[in-house]
Amino acid sequence: MQASPPTNDRYYFKTIEQRWQQRWEEEKTWKVSHRAERPKYYVLEMFPYPSGRIHMGHVRNYSIGDVVARYKRMRGFNVLHPMGWDAFGLPAENAAMKRGIHPAAWTHDNIDYMRGQLKAMGLSYDWERELATCGPDYYRWEQQLFLSMLEKGLIYRKETTVNWCDDCQTVLAREQVIDGACWRCDQPVLPKTMHGWFFKITSYAEELLADLDQLTGWPEKVVTMQRNWIGKSTGLACQFQVENSDQAIGIFTTRPDTVFGVTFMSLAVEHPMIDLLVQGKPQEEEVRAFMHETVLAKQRSSLDQELDKRGVFTGSYCTNPFTNERIPIYVANFVLMEYGTGAVMAVPAHDQRDFEFARTYDLPIKVVVQPEGDPFDPATMAEAFEGPGALVNSGQFTGMESIAAQQAIIAEAQRRQFGAPHVTYRLRDWGISRQRYWGAPIPVIHCDNCGIVPVPESDLPILLPGADEPAGSHSPLHQQPDFIAATCPRCGRQARRETDTLDTFVESSWYFARYTNPGLDSAPIDKEAAAYWLPVDQYIGGVEHAILHLLYARFFTKMLRDLGYLTVDEPFTNLLTQGMVIKDGAKMSKSKGNVVDPNDLINQYGADTVRLFSLFAAPPERDLEWNAQGVEGASRFLNRVFRMIMSQRACFDQSVTVDLANLNAVSRTLHRKTHQTIKRVTESIESNFHFNTAISGIMELVNLVTAPTDEPVDAAVLREAFSTILTLLFPMAPHLCEELWQATGHEQPLNDAAWPAFNADAAKEDEITIVIQVNGKVRGKVLVAADTNEASLKQLAVNDEKVAKMLAGQQPKKIIVVPKKLVNIVL
RNA sequence: GCGAGAGUGGUGAAAUUGGUAGACGCACUGGACUUAGGAUCCAGCGGGCCAGCCCAUGGGGGUUCGAGUCCCCCCUCUCGCACCA
């Protein structure tokens, strides 16, 4: 290794950073194994999509993760810190089309470039674990997991109305539809009927909800969002017999206590029983016209505005099983087929939507829940009463309170066998079929004889055709006859290969488990390695993944546990959702034209400066306001550290230890501050990763060392201060600190050093400032020995010149002494 | 509408269990060193009358010897969900 001559006045970050990066690369400094004595720590940043080049959001995300990784290593942990690429997806296909190249080529070029950028940041990854989800060595195992899930009944195929993005020519999951538009291209989403594959995530709904309580290391906001997304409702499922028919309509309600107030029934326009109800009725034509019109209106309104409540009578009636009342059946535009049963028992007095509908069509309103106060008058009510109260007009349940009545009514329905307690979730099964090329092929074969036949495991992987030939086709698979042609594994006849590819969110749902042994060629997951490393101790990424990715990953973890691969229930013990990088009041983005390219910054200031700035400007969970001058500030600080240590490194020549008894005042103060800083920095990192305050603590120590003094500083104390500064700063600015560590004569790299030990005695102040207050207002300060007792403090306060003046001889009412803090005199 | 979070100097932000509000940085001002300084160093830096004091953590109440911190009401902003029966 070539050593550049150390100089006292110039911090050549380029030379320094290249030298250490090269050494880390050659020595594979961060290679880890699950066979180790030390306790494990798994820190993971959400892996990037290889879009071209890294942006400031990446810089921030990976700087935070790298500090955690390096800090934990210094604390003695065996740290797993991997990196890879979420490499399948639409942008590659779009870019490929635009440029006339293959998506694989585009993706791999981007990966190569971005890998170089990450290495230029000096991030401490175990690069031997790098994986790209578009590689057959990754998706082959995903295909195998698909087969296992299929076998277990966790995957099914059905025809549904899907969210179709015409621009992207593909289906979207419900989670990928934002305000009626595609999450990627922002174009309106259209309904389309087609066959698709689904993961039965709903069979884990209860566990996904219940285990949220375990996630105490997650931001409450994310837990709440997931809870709302899963959306559990409990209530009564109940049958309403259709008049003159052997059919019944099933309904679900969370308010069984209002069942005596039902005055009509509303069906979604998609409800399968409508045909039967209107057949031969005079209303048939009107109902069909309404259904048609409503379907069109729902498409046009792109879901973002509430429609007026409208509907038509079907001409049919059903019977309320509790009252035997005759209930007219309507079709209504506001009832959702996807939730509950698509049929609603309408209680206009106690549901605002039903109320509006009833007022529009002049339907009866019957009050059955009455809170204390004046009784409601259906004729004059301005809105529905949705709160609890005592039941009225409710037969045997009259007089009961809502909550008790709900239980009693459900019990009654059960006893009389027309209803039962029921739980409904908002969460729906995860549609995973995509009609695009650049994704993992779904490993099944369609046979006219045998139906859907899984591809035998020995035939895996089903390779994505053309991916390893630069000129290969990247048309959607349903347009590639060579791919489609297959023989049925069961009967041997000609059959068709499935042409859907998997949603890219499938890849990111289990990559963290694959990292524990990414090269394994006999199974998707190395059970031994996964048992050692998982769960991820600290996961770090953007809050935009609060629902989608994090819910899917949790689902996969539970599913992989049930398949025998994992032993944990939850994948991520602690979650840090970092804020956005903001410039000029808006998120940095190409479309806004306010991006700052990390490359330019690294070239101009060096990786350490860029890292330091992104850590110092704001705590990680908060948005980070971009500020060019702030980068200058970070750069200035590192230069100061460099000059400070290079100009005084002679103190490292002798190895004397700190001799507390013989220190002058300046040295004693520095020794104390050094230990106080260790405590402060450690606590800032440990409690909540507030690196901004950790860095300001180090800055204070540097300020003290460089402040002019009238006494010489003891060499051992100075050396201790310098070592401490370098060690504490190392996780944030590793290149500079390693360089200075070496320049001060250390043989072992700082990377292998331990976090400095805090000495409480050394940090203890022997003199403290006591604040003197009168009536809670600061009136003076006095410097006293730390062990001054309460009585003396009181005396000191009363004798204070200013206090004495205010007292003017009178006795204070009360004197409050807070040890080591203040004395408050109450007049 | 429902749910969650946040409002502190010119600015990014700090403030154990309630205990000196504004640490640290940026910007700014003055000075030193310099042919020069956008380098570096020293000093100042919430507001007002510039002494002593008063006013200041979105606004208004309250609890307390003492409130940025706890309680109640209101305002503003951000983010999620949104006809979920």
Side-chain angles (χ1 to χ4, degrees), chain A residues 9-10 178-179 219-229 231-233 235-236 251-255 258 266 268 303-309 332-336 338-347 350-354 356-357 386 424-426 543-544 546-547 580 582 613 616-619 621-634 636-637 639-640 643 680 683-684 687 690 692-700 702-703 706-708 769-781 802 812-827:
Chain A
D9 52 22
R10 196 60 215 276
I178 316 289
D179 291 335
E220 214 180 281
K221 174 185 170 144
V222 176
V223 172
T224 305
M225 282 165 71
Q226 294 224 346
R227 182 170 290 124
N228 292 342
W229 190 261
K232 180 179 180 175
S233 298
L236 167 71
I251 60 102
F252 170 72
T253 180
T254 54
R255 291 294 304 274
T258 65
S266 313
L303 309 165
D304 57 351
Q305 57 202 356
E306 263 180 48
L307 301 161
D308 282 340
K309 310 275 177 293
N333 66 345
F334 64 92
V335 179
L336 305 172
E338 315 85 72
Y339 185 78
T341 62
V344 179
M345 64 169 217
V347 185
H350 305 293
D351 181 285
Q352 186 57 25
R353 292 155 304 181
D354 297 340
E356 289 169 28
F357 192 87
E386 298 186 335
T424 301
Y425 299 92
R426 211 189 77 109
V543 72
E544 65 272 19
I547 296 175
M580 293 183 296
I582 302 282
F613 167 74
F616 180 60
E621 69 279 3
R622 214 184 296 187
D623 285 350
L624 184 151
E625 175 79 33
W626 172 256
N627 180 349
Q629 270 117 15
V631 184
E632 292 276 359
R636 214 178 289 166
F637 172 69
N639 273 285
R640 255 179 97 205
R643 285 194 310 272
R680 180 165 161 197
E683 284 175 355
S684 289
S687 63
H690 277 198
N692 54 332
T693 53
I695 293 166
S696 73
I698 300 171
M699 284 174 167
E700 280 186 43
V702 170
N703 286 348
T706 52
T769 304
I770 296 290
V771 169
I772 300 171
Q773 296 184 332
V774 177
N775 290 336
K777 290 207 153 112
V778 181
R779 291 297 127 137
K781 287 167 199 180
K802 209 182 274 176
K813 266 196 208 128
K814 208 197 295 187
I815 300 179
I816 289 149
V817 179
V818 181
K820 297 188 198 284
K821 285 250 159 74
L822 57 79
V823 181
N824 188 15
I825 295 165
V826 186
L827 292 180

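Naming: A, B, ... by sequence-line order, numbering from 1 per chain.
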- Task: Return the nearest nucleotide to the side chain of A:V818; candidates are B:A27, B:G19, B:A82.
- Result: B:G19

- C1' atom, B:C26 versus B:U35: distance in rounded Å? 30 Å

- Item | Same-atom distance (P) from B:C45 to B:C24, integer angstrom | 12 Å

- Assess whether side-chain contact (heavy atoms from CB on, under 4.5 Å) is satisfied between A:E356 and A:Q352, documenting all intermediate values. CA-CA 6 Å; A:E356 289 169 28; A:Q352 186 57 25; 3.3 Å; yes

- Please report, rounded to the nearest Å, how far the P atom of B:C26 is from the CD1 atom of A:I695. 13 Å

- Message: Applying a 4.0 Å non-hydrogen cut-off, can you work out what A:N703 is touching in the nucleic acid: base, sugar-phosphate, or nothing?
- Response: sugar-phosphate

- Give the rounded distance in Å between these two atoms: NZ of A:K309 and C1' of B:C84. 13 Å

- Task: Evaluate whether atom CD of A:E544 has more than 12 neighbouring non-hydrogen atoms of other residues, nucleotides or ligands under 6.0 angstrom away.
- Result: yes

- When rounded to the nearest 0.5 angstrom, what distance separates CZ in A:R227 from CZ in A:R426? 14.0 Å

- Note on the structure: Only one of A:D354, A:L236, A:T258 passes side chain to side chain contact (heavy atoms under 4.5 Å, CB included) with A:M345, and that residue is A:T258

- Task: Could you work out which one of B:A14, B:G12, B:G80 sits closest to the side chain of A:E625?
- Result: B:G12

- Message: Rounding to an integer number of angstrom, what distance separates B:G5 and B:C72 when you compare their P atoms?
- Response: 14 Å

- Kindly point out which of B:C84, B:G5, B:C24 is positioned nearest to the side chain of A:E700? B:C24

- Round to a whole Å and report the spacing from CG of A:N692 to P of B:G12. 14 Å

- Message: Say we look at B:G7 and B:U17: how far apart would their C1' atoms be, to the nearest angstrom?
- Response: 25 Å

- Message: Among B:G12, B:C81, B:A14, which nucleotide has an atom closest to any side-chain atom of A:I547?
- Response: B:C81

Kindly give the atom pairs (protein nitrogen or oxygen, nucleotide nitrogen or oxygen) under 3.5 Å for nucleotides 62-70 of chain B.
| residue | atom | partner | partner atom | Å |
| --- | --- | --- | --- | --- |
| B:C65 | O2' | A:N824 | ND2 | 3.4 |
| B:C65 | O2 | A:N824 | ND2 | 2.4 |

- B:U78 to B:C70 separation - C1' atoms, rounded to the nearest Å: 25 Å

- Message: By nearest atom, which of the nucleotides B:C55, B:U16, B:A85 is closest to the A:K777 side chain?
- Response: B:C55

- What is the minimum heavy-atom distance between A:T693 and A:R680, and which atoms define it? O-NH2, 3.7 Å

- Query: Can you name the residues that form a ring pair (Phe, Tyr, Trp, His ring centres under 6.0 Å) with A:F357, not counting sequence neighbours?
  - Reply: A:F264, A:Y330, A:F334, A:Y361

- Task: Pick base, sugar-phosphate or nothing for A:V347, based on heavy-atom distances below 4.0 Å to the nucleic acid.
- Result: nothing

- Can you check the A:R622 CZ to B:U8 C1' distance for me, whole Å? 10 Å

- Task: Just do the side-chain contact (heavy atoms from CB on, under 4.5 Å) check on A:R255 and A:V347 with the steps written out, would you?
- Result: CA-CA 10 Å; A:R255 291 294 304 274; A:V347 185; over 6 Å; no

- Tightest non-hydrogen contact, residues A:R353 and A:D351, listed as NH2-OD2, 2.6 Å

- Task: Could you measure between the two P atoms, the one in B:C75 and the one in B:C28, and give it in whole Å?
- Result: 40 Å

- Message: Please classify the glycosidic conformation of B:G62 as syn (within 90° of 0) or anti (everything else).
- Response: anti

- Item | Residues that A:R779 engages under salt bridge (charged side-chain N to carboxylate O under 4.0 Å, His left out), provided they are two or more places apart | none

- Query: Nearest-Å distance, CG (A:N627) to P (B:G25)?
  - Reply: 15 Å

- Message: Just to be sure I understand the rule, does A:K781 reach a base, reach only the sugar-phosphate, or reach nothing, if contact means heavy atoms closer than 4.0 Å?
- Response: base

- Message: Any base atoms under 4.0 Å from A:R227, or only sugar-phosphate, or nothing? Heavy atoms, all strands.
- Response: nothing

- Note on the structure: Rounded to whole Å, the CD-P distance (A:E338 to B:C84) equals 12 Å

- Message: Could you tell me how far apart A:W626 (CH2) and B:C26 (C1') are, to the nearest whole angstrom?
- Response: 13 Å

- Query: From B:C83, B:U20, B:C81, pick the nucleotide closest to the side chain of A:F334?
  - Reply: B:C83

- So what's the dot-bracket for RNA chain B: Watson-Crick or G-U pairs under 3.5 Å, [ ] if a pair crosses, | if it pairs off-strand? (((((((..(((......[....))).(((((.......))))).((((..))))..(((((..]....))))))))))))....

Which atom pairs link the protein and nucleotides 38-43 of chain B when you take only N or O atoms and keep those under 3.5 Å?
| residue | atom | partner | partner atom | Å |
| --- | --- | --- | --- | --- |
| B:U40 | O3' | A:R643 | NH2 | 3.3 |

- Message: Apply side chain to side chain donor-acceptor pair (under 3.5 Å) to residues A:H690 and A:E621 and explain how you reach the verdict.
- Response: CA-CA 9 Å; A:H690 277 198; A:E621 69 279 3; 3.1 Å; yes

- Query: Just how far, in rounded Å, is C1' of B:G3 from CG of A:N228?
  - Reply: 6 Å

- Task: Indicate the atoms forming the closest heavy-atom contact of A:A268 with A:L336, along with that distance.
- Result: CB-C, 4.1 Å

- Candidate nucleotides B:G12, B:U16, B:A13, ranked by approach to the side chain of A:K821 - the nearest: B:U16

- Message: Please pick, from B:C83, B:U20, B:G5, the nucleotide with the shortest atom-to-atom distance to any side-chain atom of A:T769.
- Response: B:U20

- Select base, sugar-phosphate, or nothing to describe what A:G231 touches, counting heavy atoms under 4.0 Å on all strands. nothing

- Message: Please give me the minimum heavy-atom distance between A:T254 and A:S233, naming the atom from each residue.
- Response: CG2-CB, 3.8 Å

List, with names and distances, any nitrogen or oxygen atoms from the protein found under 3.5 Å away from nitrogen or oxygen atoms belonging to nucleotides 46-53 of chain B.
| residue | atom | partner | partner atom | Å |
| --- | --- | --- | --- | --- |
| B:C53 | OP2 | A:K802 | NZ | 3.3 |

- Note on the structure: Closest heavy-atom pair, A:F613 versus A:L624, reported as atoms and distance to 0.1 Å, is CE2-CD2, 4.0 Å

- Query: Using a cut-off of 4.0 Å on non-hydrogen atoms, how would the nucleic acid contact of A:P219 be classed: base, sugar-phosphate, or nothing?
  - Reply: nothing

- Distance, P atom - from B:C50 to B:U34, rounded to whole angstrom: 40 Å

- Message: Measuring only the P atom in each nucleotide, how far is B:G9 from B:G46? A whole number of Å is fine.
- Response: 13 Å

- Message: Tell me if a side-chain donor or acceptor on A:D623 pairs with a main-chain N or O of A:M580 at a distance below 3.5 Å.
- Response: yes

- Message: Side chain of A:L822, heavy atoms from C-beta onward: which of B:A14, B:G5, B:G19 has the nearest atom to it?
- Response: B:G19

- So how far is it from A:T424 OG1 to A:F252 CZ, rounded to the nearest 0.5 Å? 3.5 Å

- Query: Which atom pair, heavy atoms only, marks the closest approach of A:L822 to A:N824?
  - Reply: CD1-N, 4.1 Å

- Task: Determine whether A:V826 and A:N775 make a side-chain contact, defined as any pair of heavy atoms from C-beta on separated by less than 4.5 Å.
- Result: yes

- Query: Between B:G12, B:A4, B:G80, which one does the side chain of A:F616 approach most closely?
  - Reply: B:G12

